[in-house]
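Would you mind keeping the following structure in view while I ask a few things?
Throughout, residue positions are numbered sequentially from 1 according to the sequence presented.
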Amino acid sequence: MPRPRKCRKVCAMPKSNRFGPLNGEICADQICMTVDEYETIRLIDLAGYTQEECATQMGVARTTVQGVYNEARRKVAETLVYGKILVIAGGDYDLCEGKERPCGKKCHAICCKRKQIKEM
């Protein structure tokens, strides 16, 4: 019997969840990227985390992050090369509340901003 999939900790949902070409020549095919794949791209490519740091942040093994990251990069490349629409949705993830320790400096800053906006 296979092991149940472990949810990955995600700091925040993407501000936009749909991307595509602007030249009007839209391919009918869509690429679906999961929220946890988006999070690996955000942490590794944007925040500058190593795969090991990303794994710690997301609460999974480094080998898991490596597989998720490789799949996410393949989807981004396919979107850019073939002009397909990229939709970010779904996946096995838990949205971070910013209360756990260690939450991570970049995660905590994002969560605090979201909390302040909700309180207004």
Side-chain angles (χ1 to χ4, degrees):
M1 180 175 210
R3 190 176 188 183
R5 249 180 119 149
K6 187 175 183 182
C7 287
R8 292 94 192 239
K9 188 171 76 171
V10 172
C11 293
M13 296 299 285
K15 291 181 181 180
S16 296
N17 67 343
R18 192 172 168 89
F19 303 89
L22 299 175
N23 63 0
E25 297 176 22
I26 297 175
C27 181
D29 293 336
Q30 289 187 357
I31 303 293
C32 187
M33 176 182 282
T34 62
V35 175
D36 49 314
E37 289 171 341
Y38 159 80
E39 183 72 350
T40 61
I41 293 283
R42 186 185 75 79
L43 290 174
I44 295 171
D45 292 336
L46 185 61
Y49 280 25
T50 64
Q51 288 184 7
E52 188 69 39
E53 292 167 332
C54 179
T56 301
Q57 178 70 24
M58 294 180 74
V60 294
R62 187 201 52 80
T63 53
T64 301
V65 164
Q66 184 177 24
V68 172
Y69 180 60
N70 288 340
E71 185 63 16
R73 288 178 57 194
R74 186 194 60 76
K75 290 177 180 180
V76 169
E78 190 174 344
T79 299
L80 294 173
V81 172
Y82 298 119
K84 295 182 178 182
I85 295 171
L86 177 70
V87 178
I88 303 171
D92 297 318
Y93 67 93
D94 286 325
L95 195 57
C96 175
E97 298 289 327
K99 297 175 185 173
E100 298 175 28
R101 288 284 178 216
C103 180
K105 59 185 177 185
K106 291 176 178 63
C107 174
H108 184 67
I110 292 168
C111 292
C112 288
K113 287 178 187 175
R114 280 185 49 221
K115 197 173 195 178
Q116 289 172 353
I117 291 169
K118 284 181 180 179
E119 290 174 357
M120 291 180 164

Quiz item: Taking C-beta and beyond as the side chain, do Glu71 and Thr34 meet within less than 4.5 Å on heavy atoms?
Solution: no
Quiz item: Does the side chain of Cys11 come within less than 4.5 Å of Gln57's, by heavy atoms?
Solution: yes
Quiz item: Does Leu86 belong to the same Ile/Leu/Val/Met/Phe/Trp/Tyr cluster as Met13, with side-chain heavy atoms less than 4.5 Å apart forming each link?
Solution: yes
Exercise. Quick one: closest heavy-atom pair of Gln30 and Val87, and the distance?
Key: OE1-CG2, 3.5 Å
Self-check item: Partners meeting side-chain hydrogen bond (donor to acceptor under 3.5 Å, both in side chains) with Asp92 (sequence neighbours left out)
Solution: Arg5
Exercise. Any chance you could lay out the side chain to side chain contact (heavy atoms under 4.5 Å, CB included) test for Arg8 and Glu39, step after step, and finish with the verdict?
Key: CA-CA 9 Å; Arg8 292 94 192 239; Glu39 183 72 350; over 6 Å; no
Quiz item: Going only through I, L, V, M, F, W and Y residues with side-chain contacts under 4.5 Å, is there a path from Tyr69 to Leu43?
Solution: yes
Quiz prompt | Reported CD1-to-CE distance for the pair Ile88 and Met33, which is rounded to 0.5 angstrom | solution = 6.0 Å
Quiz prompt | Pairwise distance CD1(Ile31) to OH(Tyr82) - rounded to 0.5 angstrom | solution = 10.0 Å
Quiz prompt | Note, Val65 side chain near Ile44 side chain (heavy atom, < 4.5 Å) | solution = yes
Quiz item: Would you say the side chain of Leu46 lies within less than 4.5 Å of the side chain of Ile41, judging by non-hydrogen atoms?
Solution: no
Quiz item: Do you know the tightest heavy-atom contact between Cys32 and Ala89?
Solution: SG-O, 3.9 Å
Self-check item: Smallest separation among heavy atoms of Val10 and Tyr93, with atom names
Solution: CG2-CB, 3.5 Å
Self-check item: For Arg73, salt bridge (charged side-chain N to carboxylate O under 4.0 Å, His left out) partners two or more places apart
Solution: none
Quiz item: Who pairs with Arg62 by side-chain hydrogen bond (donor to acceptor under 3.5 Å, both in side chains), at least two apart in sequence or on another chain?
Solution: Gln66
